[in-house]
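Structure, as structure tokens:
Owing to the predicted nature of the structure, the values given are computational and were not obtained by experimental measurement. Note that these values count all heavy atoms, side chains included, but never hydrogens, waters or copies made by symmetry.
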Amino acid sequence: MTKFSPLAVATVALLASQSEHAHAFMGVKPSMVKNSSALRMSTANSLPETHKDVLWTPSVKSGARDEIMGPIADYCADLTSVVRRKTRTVECGPINFGSEHPIVRQTMATTNTGDVEASIDQIMRCADKGFDLVRITVQGKREADAAMRIREGLFQKGYDIALCADMHFQPKVAMLVAEAVEKIRINPGNFADGRKDFEEKVYETEDDYIQEREYLFNAMVPLVEKCKQLNRAMRIGTNHGSLSSRVLSFYGDTPRGMVESAIEFADICRSQDYHNFVFSMKASNPLVMVQSYRLLAAEQYRMGWDYPLHLGVTEAGEGEDGRMKSAIGIGTLLADGVGDTIRVSLTEDPEFEYEPCNRLAEMASSRLAINPPSGERQANTKNYVDTRDVTTFERRKGQVLEKSEDESVDASGFLNADGSVISVVSPDMLTKENIPYLYAGLGCKVAVGMPFKDIATSDSIFLSSVPPTSDSDARTALRRLSEVSVGLMADAAALEKDPLPNAIALMDLEDALIAKKNSDDDTVPLPLGAIRLAVNVNGSEDDETLKQLKSLDPAMIILTIDTAVSTLHASRRVFEIIKSEDIQTSVIHRYITSSDDTNMLALEIGTRVGSLLTDGCGDGVMLQEADGNSHFALDFLRRSSFSLLQGCRMRSTKTEFVSCPSCGRTLFDLQETTAKITTSTGHLPGVTVAVMGCIVNGPGEMADADFGYVGTVPGKIDLYYGKEVVRKNVPELEAVDELVDLIKEYGMWKEKETEEEEGEKEAVLA
């Protein structure tokens with residue numbers, strides 16, 4: 001347990017003796033903590049001068065925090081409706097962060113900060129787009145001086161947009177640049193820990209761990225005093241990929257390590273009576289990112305803290321995939337009212353980050369319970385008890401189907417254990433001339449006109465209309481799909497009119513229960529030719545009705561939430577009942593979209609479906625356009641579905657790229673290089689490649705990657721296998737080829753198949 005100095009103990013005693021005044025000073029209700037000794041604050045006349053005088057947050061490892069403050073509990077203001085988490089206001093020049101203010105949209109400049117004119121021009125373009133804040137890279141004194149000229153140049157041109165300096169490794173430079181910008185971002189993983197590396201350090205006891213706080217305190221306090229004096233804002237920005245070796249040794253590469261690293265630096269700020277700061281918990285893995293933010297929010301609640309949160313998925317990538325991954329992480333948190341400022345990190349020019357950033361903020365605002373339509377849907381959702389554990393992640397895995405000797409097709413391929421994709425097929429896709437395009441849209445390989453499943457082929461299809469028996473072309477195409485284990489699902493009523501061999505009959509839950517009750521053998525009678533039952537659940541059913549799902553033992557549950565209730569909360573309620581009743585059936589999220597824009601669709605499904613998959617709730621997705629719209633090709637909806645599953649760390653069907661968004665530190669053309677690497681290595685499912693413009697987040701963010709491509713000096717690249725540099729100072733012109741060779745060396749390469757080679761193999765199978 002942490003030991004307090006006599007001065008610290010005396011300070012606690014003073015605060016305890018004046019508890020009413022002390023609580024008001026801290027913005028903490030006395031009921032929020034079990035013991036006033038847990039409150040870490042210093043009076044204005046007795047600010048700690050050494051690390052021994054700081055009232056450090058009680059240890060979580062020893063159990064002291066639980067003993068003093070009680071167990072960790074909720075992470076958001078309300079688990080049954082969307083209410084913004086209440087925070088203090090943090091001032092940042094012309095803008096404010098906090099729950100009483102609009103969500104702040106921000107980005108990061110990609111120019112060399114030393115190029116003052118180019119930086120000013122890019123920042124003005126970002127301001128014109130609508131951004132509230134732009135972050136710039138500050139590596140040393142030269143960039144700190146440039147930041148001052150950038151700030152002055154923007155003022156002269158009539159732009160007062162807030163600037164944030166991105167600091168790593170340089171406490172003294174941070175002091176200089178605080179004179180120029182409205183906000184400083186520091187990374188606890190490398191601000192005071194020297195050069196970031198993976199050198200193993202062993203801390204056998206908590207006393208060993210806390211000994212290094214003296215160095216952290218001495219490095220941090222001057223900057224805190226400077227920011228307090230100038231009323232500058234600060235972001236304590238923990239990054240999953242750049243935790244210090246000290247934190248990695250003691251807490252591991254975990255969300256808990258991220259949170260404790262940030263709390264330690266916040267303790268230093270609070271010890272100096274400085275509160276004008278926000279937190280961030282960024283990671284390239286959306287699941288880690290979501291869990292880390294929730295854990296920090298929950299810790300703030302039990303400690304009585306109310307600091308705003310900056311949300312972001314770091315190194316998200318580009319295009320729809322980058323937007324999807326960002327939406328999964330950011331959108332999931334905003335859906336619970338958690339988050340006060342956001343940045344969508346894309347490997348694109350910063351201006352292109354505004355639309356997804358702004359759209360996510362708009363979606364979050366529209367879902368708040370104070371807005372009548374959203375509030376009514378949340379109020380209409382039936383009550384339930386939310387039992388999710390904020391401190392851990394566990395995915396519920398529904399059962400996949402087994403092959404039956406009584407069936408002429410293999411139903412084991414209708415679902416996938418890692419996540420299923422069901423594509424919606426309309427009648428026009430089944431005309432004779434369109435059938436080859438149908439196979440392609442479903443991701444099938446084709447040989448002599450016959451479809452075959454590939455790694456990213458839709459597992460099943462849903463027929464919006466069943467073709468009549470007389471349509472031999474459509475029926476033949478469907479038969480061929482079912483013969484290669486593609487499930488054929490349609491509404492039971494449609495199958496009654498036009499029976500389809502080996503079909504899956506979809507029935508509403510209430511209808512299925514009535515049919516079961518009226519049957520002679522207590523089973524659900526299926527239409528002629530149907531072999532399995534699927535049940536549609538809309539989330540408005542009562543608890544007893546939902547519990548009866550178990551008695552039906554369907555092949556799958558299709559979750560199509562009623563538009564009159566909240567999709568998020570109604571879905572959570574369904575999964576709570578499924579868990580309590582030990583129902584093992586796979587659940588497929590059916591999402592119906594009215595969007596006509598590919599980027600917006602990625603944000604929609606990332607937020608609305610991804611927010612459930614990141615809780616481990618769901619076994620697949622079925623995307624469908626509303627009202628018979630056809631804005632998107634079948635192929636695009638299928639690929640988007642697989643991207644969603646991969647972004648939620650479920651099913652990998654292509655190479656995963658962890659690609660930084662570029663900044664002033666970047667040592668090569670990131671967009672061009674990422675495109676080259678994608679072209680060369682994008683056909684390797686299960687392989688993760690990190691593309692990093694510099695060393696700051698390079699090795700760290702490759703914690704999730706198999707291979708890394710990292711800029712070191714201009715024109716030179718280091719290649720990594722995991723966290724280890726295996727090829728140093730590779731000439732940039734040769735680096736992509738060297739990366740391919742490295743992947744081959746470690747046995748994770750496969751050659752791209754030409755169309756001719758694929759055709760020959762499939763002809764043999766046919």
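F575 is linked by a ring pair (Phe, Tyr, Trp, His ring centres under 6.0 Å) to H589, counting only residues two or more places apart in sequence or in another chain. By the side-chain contact (heavy atoms from CB on, under 4.5 Å) test, T392 pairs with D389, sequence neighbours left out. Take D454 and apply the side-chain contact (heavy atoms from CB on, under 4.5 Å) test, not counting sequence neighbours, and it matches K445, T457.
Of all heavy-atom pairs spanning I561 and T567, the tightest one is CG2-CA, 3.7 Å. Of all heavy-atom pairs between V82 and D336, the closest is CG1-C, 4.5 Å. The heavy-atom pair separating K282 from T314 by the smallest distance is CB-CB, 4.2 Å. Considering every non-hydrogen atom in both V313 and K325, the closest pair reads CG2-O, 3.7 Å. The shortest non-hydrogen separation linking G419 to M650 is CA-CE, 4.0 Å. Between S586 and V400, the shortest heavy-atom distance links the atoms OG-N, 4.3 Å.
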Practice prompt. Go through the steps to decide whether C617 and V587 satisfy the test side chain to side chain contact (heavy atoms under 4.5 Å, CB included), and finish with yes or no.
Written response: CA-CA 8 Å; C617 296; V587 180; over 6 Å; no

Discussion item. Working note: K547 + E541, criterion salt bridge (charged side-chain N to carboxylate O under 4.0 Å, His left out); need CA distance, chi angles, decisive distance, verdict.
Written reply: CA-CA 10 Å; K547 290 177 181 179; E541 302 91 348; over 6 Å; no

Discussion item. Working note: K403 + E407, criterion salt bridge (charged side-chain N to carboxylate O under 4.0 Å, His left out); need CA distance, chi angles, decisive distance, verdict.
Written reply: CA-CA 8 Å; K403 182 177 181 180; E407 297 168 353; over 6 Å; no

Discussion item. V424 vs I461, test: side chain to side chain contact (heavy atoms under 4.5 Å, CB included). Steps then yes/no.
Written reply: CA-CA 6 Å; V424 178; I461 63 173; over 6 Å; no

Practice prompt. Decide side chain to side chain contact (heavy atoms under 4.5 Å, CB included) for R590 and F462; before the verdict, give the C-alpha distance in whole Å, the side-chain angles of both, and the deciding distance to 0.1 Å.
Written response: CA-CA 11 Å; R590 185 183 197 176; F462 175 76; 3.6 Å; yes

Practice prompt. Start with the C-alpha distance between E751 and K744, add both sets of side-chain angles, then the distance that settles salt bridge (charged side-chain N to carboxylate O under 4.0 Å, His left out), and finish with yes or no.
Written response: CA-CA 10 Å; E751 297 293 339; K744 291 178 179 178; 3.8 Å; yes

Worksheet entry | From CA spacing to verdict: side chain to side chain contact (heavy atoms under 4.5 Å, CB included), M489, M556 | CA-CA 11 Å; M489 182 165 54; M556 63 186 82; 4.3 Å; yes

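Aromatic rings of F707 and Y721 (six-membered ring for Trp) have centroids within the 6.0 Å cut-off, being under it.
Ion pairing of D459 with R651 is present here, as a side-chain N (NZ or NE/NH1/NH2) and a carboxylate O approach within less than 4.0 Å. Classification of E604 and R323 as a salt-bridged pair fails, no side-chain N sitting under 4.0 Å from a carboxylate O. Using a 4.0 Å cut-off between charged nitrogen and carboxylate oxygen, K397 and D418 count as a salt-bridge pair.
For NZ of K750, the number of neighbouring non-hydrogen atoms (other residues, nucleotides, ligands) closer than 6.0 Å is 12 at most. Counting heavy-atom neighbours within 6.0 Å of Y746 OH, excluding the residue itself, gives a total above 12.
Geometric assessment of R256 against the ring of Y251 yields a negative cation-pi assignment under the 6.0 Å and 45° thresholds.
For the residue pair N538/T560, the side-chain donor-acceptor check at 3.5 Å is not satisfied. Between the side chains of H240 and D253, a donor-acceptor pair is found at a separation under 3.5 Å. Looking only at atom types and distance, the side chain of T332 has no donor-acceptor partner in the side chain of S611 under 3.5 Å away.
In this structure, NE2 in H631 is found 8.0 Å from OG in S595, a value given to the nearest 0.5 Å. Here Q399 contributes atom CD and D619 contributes atom CG; the two are 10.0 Å apart, rounded to the nearest 0.5 Å. With rounding to the nearest 0.5 angstrom, the CZ atom of F352 is 13.5 Å from the OG1 atom of T347. Atom CD of Q291 and atom CG of L296 lie 12.5 Å apart (nearest 0.5 Å). Atoms CE and CD1, from M507 and I558 in turn, are 14.0 Å apart once rounded to the nearest 0.5 Å.
Counting heavy atoms from C-beta on, the side chains of W749 and T681 come closer than 4.5 Å. In this structure, the side chains of M258 and V288 come closer than 4.5 Å at one or more pairs of heavy atoms. Contact of the I557 side chain with the I588 side chain is not registered, since no non-hydrogen atoms from C-beta on lie closer than 4.5 Å. With contacts defined as side-chain heavy-atom distances shorter than 4.5 Å, the pair L488/N502 does not qualify. Counting heavy atoms from C-beta on, the side chains of L506 and V535 never come closer than 4.5 Å. Under the 4.5 Å side-chain criterion, counting only non-hydrogen atoms from C-beta, L644 is in contact with I328.
Of the residues listed (R396, R395, R294), the one engaging D615 in a salt bridge (Lys or Arg N to Asp or Glu O under 4.0 Å) is R294, and it is the only one.
Side-chain atoms of D410 never come within 3.5 Å of backbone atoms of S485 as a donor-acceptor pair (strictly under, hydrogens ignored).
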